[in-house]
Amino acid sequence: MARKQTDGASRAAPGVVTLKRRSEFLRIRKGARWATQAFVLEAKPRSDQDRPVPAAAPRFGFTVTKQIGKAVERNRIRRRLKAAVRNVQMDHAKRDFDYVLIARRPALNSAFDALVGDLVKALDRVHRPAGQGRRGRDVHK
RNA sequence: CCAGCUGGCCGGGCGGCCGCUGCCGGGGUUGCAGGCUUUGCGGCCGAAGCACCCGGUGGAGGAAAGUCCGGGCUCCAGGGAUCAACGGUGGCGGCUAACGGCCGCCGGGGGUGACCCCAGGGAAAGUGCCACAGAAAACAGACCGCCGGAGCGGGGCAACCCGCAAAGGCAAGGGUGAAACGGUGCGGUAAGAGCGCACCGCGUCUCCGGCAACGGAGGCGGCACGGCAAACCCCACCGGGAGCAAGACCGAAUAGGGGCGGCACGAUGCCGGGGCGACCCGGUAUCAGGCGAGAUCCAGGCCGCCGCCCGGGUUGGUUGCUCGAGGCUCGGAGCGAUCCGCGCCCAAGAUGAAUGGCCGUCGCGGAGGGGCAACUCUCCAGACAGAACCCGGCUUACAGGCCGGCUGGCAAA
RNA sequence: UGCAGGGUGGAGCAGUCCGGUCAGCUCGCGUGGUUCAUACCCAUGAGGUCGCCGGUUCGAAUCCGGCCCCUGCUA
């Protein structure tokens, strides 16, 4: 509740590079995964074959299925997740990784600060070597 | 003032930090692309492309929704006419590009009223259905009943009285049903009945008003016409199919397909070639034949046509893509929908899909508290919902608010 | 995005075209019987706003219109 001093601002953050191909989404499904109340994060290092440009920035894909809500709610969820990614990607994401965020219903109304916190934690867990923290399930509020 | 009806409109404002996207202008050193040069490394050029940087500017809805109608646009079906089949619409007149939409009017129903609702053509063209109940459910018919009284029985001296009751007449009353072959009243009668009369309803004819739906008046008929067409149907009118994932271009890749079956592969003339020759091959013309979407016809076209099966490839980019039955002001015509004229304006174009994320503040609404009051404090609420080629409608969802008109009641003047 | 099909007891389905007799079938469930006991079997019973809201009709699961949901197909 003490978000007054932040003034809602974030430091200069570049735009988010998004995934566009269905094949890219399918590839990342096989990577590391971490779930929170508001979303599921999947991550996988970019393979050397499909690298048109040398790794300049991390790439993110967003999945919001029809079961979650109507179009207005789905759009809002995708924008909030995108804004959260924009706030943290410089400090917590790896530039040679691809990520996919699968939205869940609470992403619509949960506090934005909590969403950002979850994302930082999820990014951290997903970068650990395989076998530790894989398929984890988050239990905090 | 209270209660209500109705038409139109709005769908928070301002600000801060950080972002997305279209367009315009400037830069564009390094990078990509382009041009020139070199055997090559490399070098140079210009600022006309992209990335990137800076500045400016535009950026969701009244329903963007549901996809229920009508169009534009694109491709496909070879053109036209008539019919059939199928689907849709359904009072009349108008508006419109068109509509199943809108406006006005008519008819019916509801409401004290403003006003609201109605798929509202045809049931004497035909077919079909009307369960249960009821006597009877559709050219009528008669259960109880009413009248009638041949005759029979009993009583009485008799007149006569009491009881039973056939033929025949009737459809008023009872009862059933959603619906019972006009309704109410008076006359009439043995009892009754449109049997007669009045009014209402119905049918029909004439006249008047109206473009019409229809309304009004009068005459006649004497009831003969039940309901259902959102049952088949009849009548009138309308309708080819698919849809921007339509379609076009560039690039990549694969293929320039294969097999089976059916029907038809005919006749004549001319030309050329081959052959000793019968004849063969090719071209061309006419006729015949065949072929496209259910049939027929007309004009015209094509020369093989039709059916089934198997195999292979692409899921990149550009375009279509936003100036259009477009919006606004003013004036005019019309009751109105709408139309006309002048002027002004350009108003989202994304494509794993932009138009936002976080926050502050003001104003508005509701509840509670303090204060005589102006006012002030706290809490809560702020909906439905996101363009996907574009328009015109319909339907559905929606917190709160603004403006106008009207009706009923109460009070005052 | 465009287009088809379907919603009936707990489950799977009839009935809808041609409206009353209509709400039925199989499995499942309850009770009783049979058996030492269970299953099978026999008898019996409960359970349905016919997806929702209107309209047409005397009468609607059925006919008509509008919404909601599910499934499938579509470069």
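In what follows, chains are A, B, ... by sequence order, proteins preceding strands, each numbered from 1. Atoms considered below: every heavy atom in the structure, side chains included; atoms not considered: hydrogens, waters and symmetry mates.
- Residue A:Phe112 has its side chain nearest to B:C358 when only B:A60, B:C358, B:A385 are considered.
- Following rounding to the nearest Å, A:Arg79 (CZ) and B:A385 (P) show an atom-to-atom distance of 16 Å.
- Across all strands shown, B:C328 is found opposite B:G343 as a Watson-Crick or G-U wobble partner, with both distances under 3.5 Å.
- Comparing A:Thr63 and A:Asn75, the nucleotide of RNA chain B nearest to each residue sits closer to the 5' end for A:Thr63.
- Between A:Phe60 atom CZ and B:C20 atom P the separation is 15 Å, expressed in whole Å.
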Within the sub-3.5 Å range, which N or O atoms of nucleotides 10-12 of chain B have a protein N or O partner, and how far apart are they?
none

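- Using a 4.0 Å heavy-atom criterion, one finds that A:Arg74 contacts no nucleic acid atom at all.
- B:G8 and B:G113 have their P atoms separated by 25 Å, given to the nearest Å.
- The CG-C1' distance, from A:Asn87 to B:G356, rounds to 13 Å in whole Å.
- Taking every heavy atom of both residues into account, A:Ala32 and A:Val126 meet most closely at CB-O, 3.8 Å.
- Annotation: the span from A:Asp113 atom CG to A:Asp118 atom CG amounts to 11.0 Å, rounded to 0.5 Å.
- Remark: P of B:C358 and CZ of A:Arg76 are 5 Å apart, rounded to the nearest angstrom.
- Nucleotide B:A114 is matched to nothing when pairs are restricted to Watson-Crick or G-U wobble geometry with both distances under 3.5 angstrom.
- A glycosidic torsion no more than 90° from 0 defines the syn conformation; B:G88 lies beyond that range and is anti.
- In this structure, A:Leu81 and A:Leu115 have side chains that are in contact, with non-hydrogen atoms separated by less than 4.5 Å.
- Judged by Watson-Crick or G-U wobble contacts below 3.5 Å, the nucleotide B:G12 has B:C362 as its partner.
- The C1' atoms of B:G149 and B:A166 are separated by 9 Å, rounded to the nearest whole Å.
- You'll find the side chain of A:Ser110 reaches within 4.5 Å of the side chain of A:Arg80, heavy atoms only.
- Taking atom C1' in both B:C358 and B:A64, the straight-line distance is 27 Å, to the nearest Å.
- Looking at residues two or more places apart in sequence or on another chain, you find a ring-ring contact (aromatic ring centres under 6.0 Å, His included) between A:Tyr99 and A:Phe60, A:Phe97, A:His127.
- Under the 4.5 Å side-chain criterion, counting only non-hydrogen atoms from C-beta, A:His92 is not in contact with A:Asp124.
- With both ends at atom C1', the span from B:C164 to B:C170 equals 23 Å, rounded to whole Å.
- To the nearest 0.5 Å, atom CD1 of residue A:Ile102 and atom CD of residue A:Glu42 are 4.0 Å apart.
- Here B:C237 sits opposite B:G88 as a Watson-Crick or G-U wobble pair (both hydrogen-bonding atom distances under 3.5 Å).
- For the atom pair CZ (A:Arg78) and CZ (A:Phe62), the distance works out to 8.5 Å, reported to the nearest 0.5 Å.
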Reading 5' to 3' and counting Watson-Crick or G-U wobble pairs with both distances under 3.5 Å, write the dot-bracket notation for RNA chain C, | for bases paired outside the strand.
.(((((((.[[[[.)....(...]]]].(((((.......))))).....[[[[[..)....]]]]]))))))..

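- When both distances must be under 3.5 Å, the Watson-Crick or G-U wobble mate of B:A267 is B:U286.
- Remark: B:C139 base-pairs with no nucleotide; criterion is Watson-Crick or G-U wobble with both hydrogen-bond distances under 3.5 Å.
- Note that CZ of A:Arg86 is 13.0 Å distant from CZ of A:Arg79, once rounded to the nearest 0.5 Å.
- Nucleotide B:U318: paired with B:A248 (Watson-Crick or G-U wobble, both distances less than 3.5 Å).
- Separating the C1' atom of C:A61 from that of C:G48 is a span of 11 Å, rounded to the nearest Å.
- In this structure, C:U8 is classed as anti because its glycosidic torsion departs from zero by more than 90°.
- Going from atom CD of A:Gln89 over to atom C1' of B:G19 covers 11 Å, rounded to whole Å.
- Its glycosidic angle being within 90° of 0, C:C17 falls on the syn side.
- Going from the C1' atom of B:A179 to that of B:C132 covers 14 Å, rounded to whole Å.
- In this structure B:A333 sits in a base pair with B:U338, meeting the Watson-Crick or G-U test at under 3.5 Å.
- Between B:A137 and B:A142, the distance separating the two P atoms is 12 Å to the nearest Å.
- If you take CG of A:Leu81 and C1' of B:A353, they are 16 Å apart, rounded to a whole angstrom.
- Between A:Arg80 and B:C358 there is a side-chain polar atom (N or O) within less than 4.0 angstrom of OP1 or OP2.
- Separating the CD atom of A:Glu73 from the P atom of B:A65 is a distance of 17 Å, rounded to the nearest angstrom.
- C:C22 adopts a syn glycosidic conformation, its chi angle falling within 90° of 0.
- When each of A:Gly61 and A:Ser110 is assigned the nucleotide of RNA chain B bearing its nearest heavy atom, the one mapping closer to the 5' terminus is A:Gly61.
- Atom name C1', nucleotides B:C291 and B:G304: the rounded distance is 9 Å, in whole Å.
- Classification of B:A60 as syn follows from a glycosidic angle within 90° of 0.
- Inter-residue side-chain proximity for A:Ile77 and A:Phe39 is flagged as unmet; no heavy-atom pair is nearer than 4.5 Å.
- Between A:Leu119 and A:Leu101 the shortest side-chain heavy-atom distance falls below 4.5 Å.
- In this structure, A:Leu108 places its CG atom 14 Å from C1' of B:G357, rounding to the nearest Å.
- Using a distance-only test at 3.5 Å, with no hydrogens or angles considered, no donor-acceptor pair links the side chain of A:Arg104 to the main chain of A:Val40.
- Smallest separation of non-hydrogen atoms from A:Ala38 and A:Ala107: O-CB, 3.5 Å.
- Residue A:Arg78 places no side-chain N or O under 4.0 Å from the OP1 or OP2 atom of B:G352.
- For A:Arg86, counting side-chain heavy atoms from C-beta on, the closest listed nucleotide (B:G19, B:A60, B:G357) is B:G19.
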